[in-house]
Amino acid sequence: MKAFVLDRYAKKGVLRPADVPAPSLRDDEVLVEVHAAGVNPLDAKIRDGEFKLIVPYKMPLILGHDVAGVVVQVGPRVRQFKPGDEVYARADDFHIGTFAELIAIKESSLAFKPRSLTMEEAASIPLVGLTAWQALVERAQVKKGQKVFIQAGSGGLGSMAIQLAKHLGATVATTASAGNAALVQSLGADAVIDYRKHDFEDVLRDYDMVLHSQDGKALAKSLRVLKSGGQLVSVSGPPDPAFGEAVRAPGLLRMVFRLLSAGTRRRAQALGIGYSFLFMRAQGSQLQEITRLVDAGTIRPVIDKVFPFDATNEAIAYVETGRAKGKVVIKVR
(Lines give C-alpha, C1' and ligand atoms only; values in the text may rest on other atoms or scores of the structure.)
Protein backbone atom coordinates (compact mmCIF):
# COMPACT_ATOMS: atom_id res chain seq x y z
CA MET A 1 0.00 0.00 0.00
CA LYS A 2 1.04 3.63 -0.41
CA ALA A 3 1.89 5.62 2.71
CA PHE A 4 3.83 8.64 3.96
CA VAL A 5 6.65 7.52 6.25
CA LEU A 6 8.77 9.30 8.85
CA ASP A 7 12.29 7.82 8.97
CA ARG A 8 13.61 9.87 11.91
CA TYR A 9 12.58 12.73 14.15
CA ALA A 10 13.47 16.00 12.46
CA LYS A 11 12.32 19.59 12.93
CA LYS A 12 10.32 20.53 9.82
CA GLY A 13 11.20 17.12 8.41
CA VAL A 14 9.65 15.69 5.27
CA LEU A 15 7.62 12.48 5.16
CA ARG A 16 8.75 9.98 2.54
CA PRO A 17 6.17 8.54 0.13
CA ALA A 18 6.64 4.78 0.05
CA ASP A 19 5.12 1.42 -0.77
CA VAL A 20 4.84 -0.54 2.48
CA PRO A 21 3.19 -3.81 3.53
CA ALA A 22 -0.46 -3.65 4.54
CA PRO A 23 -0.92 -3.72 8.33
CA SER A 24 -1.46 -7.10 9.97
CA LEU A 25 -4.75 -7.48 11.80
CA ARG A 26 -5.04 -8.43 15.47
CA ASP A 27 -8.04 -10.33 16.80
CA ASP A 28 -9.73 -7.18 18.18
CA GLU A 29 -8.94 -4.91 15.24
CA VAL A 30 -10.70 -3.69 12.12
CA LEU A 31 -8.89 -3.08 8.83
CA VAL A 32 -10.07 0.22 7.38
CA GLU A 33 -9.62 1.41 3.81
CA VAL A 34 -8.67 5.05 4.32
CA HIS A 35 -10.75 7.51 2.31
CA ALA A 36 -9.72 10.67 4.18
CA ALA A 37 -7.33 11.61 6.99
CA GLY A 38 -7.42 14.66 9.22
CA VAL A 39 -4.21 16.62 9.83
CA ASN A 40 -3.44 17.93 13.32
CA PRO A 41 -0.68 19.99 14.93
CA LEU A 42 0.08 16.79 16.88
CA ASP A 43 1.31 15.18 13.65
CA ALA A 44 3.90 17.90 13.15
CA LYS A 45 4.94 17.82 16.81
CA ILE A 46 5.50 14.07 16.70
CA ARG A 47 7.51 14.46 13.48
CA ASP A 48 9.62 17.13 15.20
CA GLY A 49 10.25 14.88 18.21
CA GLU A 50 8.39 17.06 20.71
CA PHE A 51 6.49 14.11 22.17
CA LYS A 52 9.18 11.44 22.03
CA LEU A 53 9.30 11.24 25.82
CA ILE A 54 5.52 10.77 26.09
CA VAL A 55 4.97 8.55 23.05
CA PRO A 56 8.37 7.17 21.94
CA TYR A 57 7.69 5.74 18.50
CA LYS A 58 9.90 3.30 16.66
CA MET A 59 11.01 4.30 13.18
CA PRO A 60 10.09 4.16 10.38
CA LEU A 61 6.65 5.52 11.32
CA ILE A 62 3.51 6.26 9.33
CA LEU A 63 2.01 9.45 10.73
CA GLY A 64 -1.67 10.46 10.95
CA HIS A 65 -4.24 10.22 13.76
CA ASP A 66 -7.67 10.87 12.16
CA VAL A 67 -9.35 8.54 9.69
CA ALA A 68 -12.63 8.08 7.86
CA GLY A 69 -13.11 5.12 5.58
CA VAL A 70 -14.67 1.75 4.89
CA VAL A 71 -14.19 -1.54 6.75
CA VAL A 72 -12.56 -4.18 4.55
CA GLN A 73 -11.78 -6.89 7.14
CA VAL A 74 -12.43 -7.61 10.81
CA GLY A 75 -10.60 -9.68 13.41
CA PRO A 76 -12.28 -12.81 14.86
CA ARG A 77 -13.18 -11.05 18.14
CA VAL A 78 -14.82 -8.04 16.45
CA ARG A 79 -18.60 -7.96 16.90
CA GLN A 80 -19.79 -4.42 16.16
CA PHE A 81 -18.44 -3.87 12.63
CA LYS A 82 -18.46 -5.74 9.32
CA PRO A 83 -16.92 -5.24 5.86
CA GLY A 84 -18.59 -2.38 4.00
CA ASP A 85 -19.37 -0.28 7.10
CA GLU A 86 -18.46 3.40 6.86
CA VAL A 87 -16.48 4.32 9.98
CA TYR A 88 -14.22 6.94 11.52
CA ALA A 89 -11.76 7.07 14.40
CA ARG A 90 -8.81 8.62 16.15
CA ALA A 91 -6.14 5.93 15.91
CA ASP A 92 -4.64 4.78 19.22
CA ASP A 93 -1.25 6.03 20.38
CA PHE A 94 1.51 3.67 19.17
CA HIS A 95 -0.92 2.45 16.45
CA ILE A 96 -1.27 5.63 14.40
CA GLY A 97 -0.78 5.69 10.63
CA THR A 98 -3.74 7.24 8.80
CA PHE A 99 -1.53 8.82 6.11
CA ALA A 100 -1.80 5.54 4.25
CA GLU A 101 -4.24 3.55 2.14
CA LEU A 102 -5.04 1.09 4.95
CA ILE A 103 -4.92 1.14 8.76
CA ALA A 104 -5.80 -1.36 11.50
CA ILE A 105 -7.92 0.20 14.27
CA LYS A 106 -9.00 -1.34 17.57
CA GLU A 107 -12.74 -2.02 17.61
CA SER A 108 -13.06 -0.07 20.88
CA SER A 109 -11.63 3.04 19.19
CA LEU A 110 -13.89 2.94 16.13
CA ALA A 111 -17.33 4.49 15.53
CA PHE A 112 -19.82 4.53 12.68
CA LYS A 113 -19.34 7.58 10.47
CA PRO A 114 -22.03 10.25 10.79
CA ARG A 115 -24.54 9.63 8.01
CA SER A 116 -24.83 13.33 7.27
CA LEU A 117 -21.13 13.85 6.52
CA THR A 118 -18.78 13.18 3.64
CA MET A 119 -15.63 11.18 4.30
CA GLU A 120 -13.57 14.37 4.31
CA GLU A 121 -15.89 16.05 6.81
CA ALA A 122 -15.92 12.99 9.06
CA ALA A 123 -12.11 12.73 9.04
CA SER A 124 -11.89 16.26 10.42
CA ILE A 125 -13.66 15.38 13.67
CA PRO A 126 -12.18 12.53 15.77
CA LEU A 127 -9.11 14.05 17.46
CA VAL A 128 -10.56 17.51 18.09
CA GLY A 129 -14.01 16.13 18.89
CA LEU A 130 -12.66 13.70 21.46
CA THR A 131 -10.34 16.33 22.92
CA ALA A 132 -13.27 18.71 23.39
CA TRP A 133 -15.43 15.94 24.86
CA GLN A 134 -12.77 14.75 27.29
CA ALA A 135 -11.97 18.31 28.39
CA LEU A 136 -15.51 19.69 28.73
CA VAL A 137 -17.65 16.65 29.56
CA GLU A 138 -15.29 14.16 31.22
CA ARG A 139 -12.74 16.41 32.92
CA ALA A 140 -14.49 19.74 33.70
CA GLN A 141 -18.09 18.39 33.72
CA VAL A 142 -19.39 21.65 32.26
CA LYS A 143 -22.98 22.39 33.23
CA LYS A 144 -25.75 24.65 31.99
CA GLY A 145 -25.28 28.25 33.08
CA GLN A 146 -21.51 28.05 33.53
CA LYS A 147 -19.02 30.31 31.75
CA VAL A 148 -16.35 28.71 29.58
CA PHE A 149 -13.36 30.36 27.90
CA ILE A 150 -11.98 28.52 24.85
CA GLN A 151 -8.76 29.84 23.36
CA ALA A 152 -8.22 30.13 19.59
CA GLY A 153 -11.84 29.63 18.64
CA SER A 154 -11.35 29.50 14.88
CA GLY A 155 -8.85 26.62 15.02
CA GLY A 156 -9.65 22.93 14.75
CA LEU A 157 -10.08 22.31 18.47
CA GLY A 158 -11.61 25.68 19.23
CA SER A 159 -14.28 25.43 16.54
CA MET A 160 -15.38 22.05 17.90
CA ALA A 161 -15.16 22.98 21.59
CA ILE A 162 -17.31 26.11 21.15
CA GLN A 163 -20.12 24.04 19.68
CA LEU A 164 -19.93 21.37 22.38
CA ALA A 165 -19.81 23.95 25.18
CA LYS A 166 -22.94 25.64 23.78
CA HIS A 167 -24.67 22.27 23.58
CA LEU A 168 -23.87 21.77 27.27
CA GLY A 169 -25.56 25.09 28.05
CA ALA A 170 -22.50 27.22 28.77
CA THR A 171 -21.85 30.86 27.97
CA VAL A 172 -18.77 30.80 25.75
CA ALA A 173 -15.97 33.33 25.28
CA THR A 174 -13.16 32.87 22.79
CA THR A 175 -10.23 34.63 21.14
CA ALA A 176 -10.07 35.18 17.39
CA SER A 177 -8.95 37.76 14.86
CA ALA A 178 -11.50 40.29 13.65
CA GLY A 179 -11.63 38.42 10.35
CA ASN A 180 -12.69 35.20 12.10
CA ALA A 181 -15.19 36.79 14.50
CA ALA A 182 -18.21 35.97 12.32
CA LEU A 183 -17.13 32.33 12.07
CA VAL A 184 -16.82 31.75 15.82
CA GLN A 185 -20.07 33.62 16.45
CA SER A 186 -21.82 31.32 13.96
CA LEU A 187 -20.52 28.38 16.02
CA GLY A 188 -22.06 29.81 19.19
CA ALA A 189 -19.45 32.07 20.79
CA ASP A 190 -21.13 34.69 22.99
CA ALA A 191 -18.05 36.88 23.49
CA VAL A 192 -15.27 37.22 20.93
CA ILE A 193 -12.02 38.92 21.96
CA ASP A 194 -9.82 40.24 19.15
CA TYR A 195 -6.43 39.05 20.42
CA ARG A 196 -4.67 41.62 18.25
CA LYS A 197 -6.33 44.50 20.07
CA HIS A 198 -7.26 43.25 23.52
CA ASP A 199 -5.81 41.05 26.26
CA PHE A 200 -8.41 38.50 27.34
CA GLU A 201 -7.22 38.88 30.94
CA ASP A 202 -8.52 42.47 30.91
CA VAL A 203 -11.96 41.44 29.61
CA LEU A 204 -12.92 38.15 31.27
CA ARG A 205 -13.76 37.56 34.93
CA ASP A 206 -15.08 34.73 37.12
CA TYR A 207 -15.09 31.96 34.53
CA ASP A 208 -15.84 28.37 35.51
CA MET A 209 -13.58 26.66 32.99
CA VAL A 210 -10.76 27.45 30.57
CA LEU A 211 -9.68 25.19 27.72
CA HIS A 212 -6.05 26.23 27.25
CA SER A 213 -4.23 25.47 24.02
CA GLN A 214 -1.72 28.31 23.75
CA ASP A 215 1.62 29.23 25.34
CA GLY A 216 2.81 29.68 28.91
CA LYS A 217 1.90 33.37 29.03
CA ALA A 218 -1.70 32.56 28.10
CA LEU A 219 -1.70 29.83 30.76
CA ALA A 220 -0.75 32.28 33.51
CA LYS A 221 -3.38 34.75 32.36
CA SER A 222 -6.00 32.00 32.17
CA LEU A 223 -5.55 31.21 35.84
CA ARG A 224 -6.45 34.81 36.64
CA VAL A 225 -9.77 34.81 34.70
CA LEU A 226 -11.10 31.78 36.61
CA LYS A 227 -13.11 32.02 39.78
CA SER A 228 -12.31 29.99 42.88
CA GLY A 229 -13.34 26.40 42.24
CA GLY A 230 -12.85 26.80 38.50
CA GLN A 231 -11.05 24.34 36.23
CA LEU A 232 -8.18 24.93 33.81
CA VAL A 233 -7.70 22.08 31.38
CA SER A 234 -4.61 22.41 29.18
CA VAL A 235 -3.81 20.48 26.01
CA SER A 236 -0.47 22.25 25.54
CA GLY A 237 1.08 21.61 28.95
CA PRO A 238 2.82 21.42 31.20
CA PRO A 239 2.12 17.71 31.91
CA ASP A 240 1.16 17.04 35.53
CA PRO A 241 1.75 14.07 37.88
CA ALA A 242 -1.75 12.68 37.24
CA PHE A 243 -0.93 12.43 33.55
CA GLY A 244 2.30 10.57 34.36
CA GLU A 245 0.33 8.04 36.38
CA ALA A 246 -2.35 7.67 33.69
CA VAL A 247 0.19 6.79 30.99
CA ARG A 248 2.27 4.69 33.40
CA ALA A 249 5.36 6.77 32.71
CA PRO A 250 8.69 5.63 34.19
CA GLY A 251 9.59 7.07 37.57
CA LEU A 252 12.15 9.53 36.20
CA LEU A 253 9.69 10.87 33.64
CA ARG A 254 7.01 11.27 36.32
CA MET A 255 9.48 13.34 38.31
CA VAL A 256 10.09 15.52 35.22
CA PHE A 257 6.32 16.07 34.82
CA ARG A 258 6.05 16.96 38.50
CA LEU A 259 8.82 19.53 38.21
CA LEU A 260 7.56 21.02 34.94
CA SER A 261 4.07 21.61 36.32
CA ALA A 262 5.05 22.55 39.88
CA GLY A 263 4.79 26.31 39.40
CA THR A 264 1.46 26.14 37.59
CA ARG A 265 -0.03 23.74 40.12
CA ARG A 266 1.18 25.92 43.00
CA ARG A 267 -0.35 29.08 41.53
CA ALA A 268 -3.60 27.26 40.75
CA GLN A 269 -3.84 25.86 44.28
CA ALA A 270 -3.28 29.32 45.78
CA LEU A 271 -6.23 30.60 43.74
CA GLY A 272 -8.45 27.63 44.57
CA ILE A 273 -8.39 26.45 40.96
CA GLY A 274 -8.03 22.95 39.56
CA TYR A 275 -5.31 22.41 36.94
CA SER A 276 -4.97 19.35 34.73
CA PHE A 277 -3.12 18.41 31.56
CA LEU A 278 -5.07 16.51 28.89
CA PHE A 279 -3.43 14.27 26.28
CA MET A 280 -6.55 12.94 24.63
CA ARG A 281 -7.09 9.23 24.01
CA ALA A 282 -8.95 7.24 21.38
CA GLN A 283 -12.44 6.23 22.53
CA GLY A 284 -15.06 4.83 20.16
CA SER A 285 -18.00 5.11 22.58
CA GLN A 286 -17.39 8.84 23.08
CA LEU A 287 -16.99 9.31 19.35
CA GLN A 288 -20.37 7.64 18.85
CA GLU A 289 -21.90 10.27 21.18
CA ILE A 290 -20.35 12.93 18.98
CA THR A 291 -21.82 11.18 15.93
CA ARG A 292 -25.29 11.61 17.40
CA LEU A 293 -24.71 15.32 17.91
CA VAL A 294 -23.44 15.70 14.34
CA ASP A 295 -26.36 13.84 12.78
CA ALA A 296 -28.77 15.89 14.92
CA GLY A 297 -27.26 19.10 13.54
CA THR A 298 -25.91 20.19 16.92
CA ILE A 299 -22.25 20.06 15.83
CA ARG A 300 -20.86 20.66 12.36
CA PRO A 301 -17.33 20.23 11.03
CA VAL A 302 -15.35 23.28 9.98
CA ILE A 303 -12.88 22.55 7.18
CA ASP A 304 -10.38 25.01 5.76
CA LYS A 305 -8.74 22.97 2.98
CA VAL A 306 -8.71 19.48 1.53
CA PHE A 307 -5.36 18.36 0.07
CA PRO A 308 -4.76 15.41 -2.28
CA PHE A 309 -2.89 12.42 -0.83
CA ASP A 310 0.24 13.25 -2.81
CA ALA A 311 0.35 16.66 -1.06
CA THR A 312 0.48 15.25 2.48
CA ASN A 313 3.66 17.18 3.35
CA GLU A 314 2.10 20.39 2.06
CA ALA A 315 -0.99 19.76 4.21
CA ILE A 316 1.14 19.41 7.35
CA ALA A 317 3.08 22.56 6.47
CA TYR A 318 -0.18 24.48 6.07
CA VAL A 319 -1.39 23.34 9.51
CA GLU A 320 1.91 24.53 10.97
CA THR A 321 1.24 28.09 9.79
CA GLY A 322 -1.51 28.33 12.42
CA ARG A 323 -3.78 30.12 9.95
CA ALA A 324 -6.23 27.33 9.23
CA LYS A 325 -9.88 28.05 9.96
CA GLY A 326 -11.06 24.76 11.39
CA LYS A 327 -9.43 21.59 10.10
CA VAL A 328 -7.20 20.50 7.23
CA VAL A 329 -7.93 17.14 5.61
CA ILE A 330 -6.14 14.82 3.18
CA LYS A 331 -8.28 13.03 0.58
CA VAL A 332 -6.69 9.60 0.27
CA ARG A 333 -9.26 7.82 -1.90
Side-chain angles (χ1 to χ4, degrees), residues 1-26 29-49 51 55 57-75 78 81-107 109-111 113 117-127 156 282 301 303-320 324 327-333:
M1 68 173 185
K2 294 180 180 179
F4 277 83
V5 177
L6 178 68
D7 290 309
R8 62 183 178 85
Y9 293 122
K11 190 77 172 175
K12 304 291 184 181
V14 176
L15 305 186
R16 171 175 56 87
D19 285 311
V20 300
S24 57
L25 200 62
R26 299 177 182 176
E29 289 182 333
V30 175
L31 188 63
V32 177
E33 179 185 74
V34 180
H35 285 228
V39 185
N40 297 283
L42 178 60
D43 298 309
K45 290 178 179 180
I46 287 178
R47 178 205 63 194
D48 292 350
F51 285 99
V55 277
Y57 284 103
K58 294 180 180 179
M59 302 294 164
L61 170 69
I62 301 172
L63 277 177
H65 292 75
D66 283 330
V67 62
V70 175
V71 174
V72 293
Q73 186 181 346
V74 300
V78 172
F81 303 98
K82 64 183 186 305
D85 286 341
E86 295 188 340
V87 294
Y88 72 149
R90 190 280 206 199
D92 288 87
D93 294 322
F94 301 107
H95 296 283
I96 63 172
T98 64
F99 299 162
E101 292 180 315
L102 294 166
I103 184 171
I105 303 278
K106 287 174 61 177
E107 180 182 27
S109 301
L110 203 62
K113 181 184 79 66
L117 299 186
T118 65
M119 287 291 184
E120 292 76 26
E121 289 170 332
S124 75
I125 288 177
L127 188 143
I303 295 179
D304 186 304
K305 286 187 178 182
V306 177
F307 286 78
F309 190 32
D310 289 344
T312 292
N313 282 300
E314 289 84 347
I316 297 172
Y318 182 67
V319 167
E320 286 185 285
K327 288 297 294 292
V328 172
V329 176
I330 295 165
K331 184 179 178 67
V332 177
R333 187 179 302 273

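Position 1 is the first residue of the sequence; numbering continues from there. All values below were derived from every heavy atom in this structure, side-chain atoms included, with hydrogens, water molecules and symmetry-related copies excluded.
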Quick check for you: to the nearest 0.5 Å, what is the distance between [X] atom [atom1] and [Y] atom [atom2]?
X: Glu101; Y: Ile62; atom1: CD; atom2: CD1; result: 10.5 Å
X: Arg8; Y: Arg47; atom1: CZ; atom2: CZ; result: 11.5 Å
X: Phe81; Y: Ile105; atom1: CZ; atom2: CD1; result: 10.5 Å
X: Thr312; Y: Ile330; atom1: OG1; atom2: CD1; result: 3.5 Å
X: Leu127; Y: Leu42; atom1: CG; atom2: CG; result: 6.0 Å
X: Glu86; Y: Met119; atom1: CD; atom2: CE; result: 4.0 Å

Looking only at heavy atoms, what is the nearest atom pair of [X] and [Y], with distance?
X: Leu25; Y: Val30; result: CD1-C, 3.6 Å
X: Ile303; Y: Glu121; result: CD1-CA, 3.5 Å
X: Glu33; Y: Val72; result: CB-CG1, 3.7 Å
X: Asp48; Y: Ala10; result: OD1-O, 3.2 Å
X: Ile103; Y: Ala91; result: CD1-CB, 4.0 Å
X: Ala122; Y: Tyr88; result: O-CD1, 3.3 Å

Q. Quick one: do Asp85 and Lys82 make a salt bridge, cutoff under 4.0 Å?
A.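 Between Lys82 and Asp85 there is a salt bridge, with a charged N closer than 4.0 Å to a carboxylate O.
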(Q) Checking the side chain of Asp304 only, and the main-chain atoms of Val328 only, is there a donor and an acceptor separated by less than 3.5 Å? (A)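 A pair under 3.5 Å: no.
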Q) What class does the angle between the rings of Phe307 and Tyr318 fall in, given that below 30° is parallel, 30 to 60° is tilted and above 60° is perpendicular? A)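 Correct class here is tilted.
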Within-4.5 Å side-chain heavy-atom neighbours: [X] and [Y]:
X: Met1; Y: Asp19; answer: no
X: Pro23; Y: Leu31; answer: yes
X: Val32; Y: Val87; answer: yes
X: Arg333; Y: Phe309; answer: no
X: Glu29; Y: Val78; answer: no

Q. Arg16: what forms a salt bridge (charged side-chain N to carboxylate O under 4.0 Å, His left out) with it, not counting sequence neighbours?
A. Asp7
Q: Just jot down the salt bridge (charged side-chain N to carboxylate O under 4.0 Å, His left out) partners of Lys305, sequence neighbours excluded, or say none.
A: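 None.
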**Q.** Passing option when Glu120 is tested against Lys113, Lys327, Lys331 for salt bridge (charged side-chain N to carboxylate O under 4.0 Å, His left out)
**A.** Lys331
Would you mind writing out the side-chain donor-acceptor pairs for residues 93-100 within the sub-3.5 Å range, not counting sequence neighbours?
from, atom 1, to, atom 2, distance (Å)
Asp93, OD1, Arg90, NH1, 2.9
Asp93, OD1, Arg90, NH2, 3.1
Thr98, OG1, Gly64, O, 3.4
Thr98, OG1, His65, N, 3.3
Thr98, OG1, Asp66, O, 3.1

Q: Would you please indicate yes or no on a ring centroid separation below 6.0 angstrom for Phe51 and Tyr57?
A: no
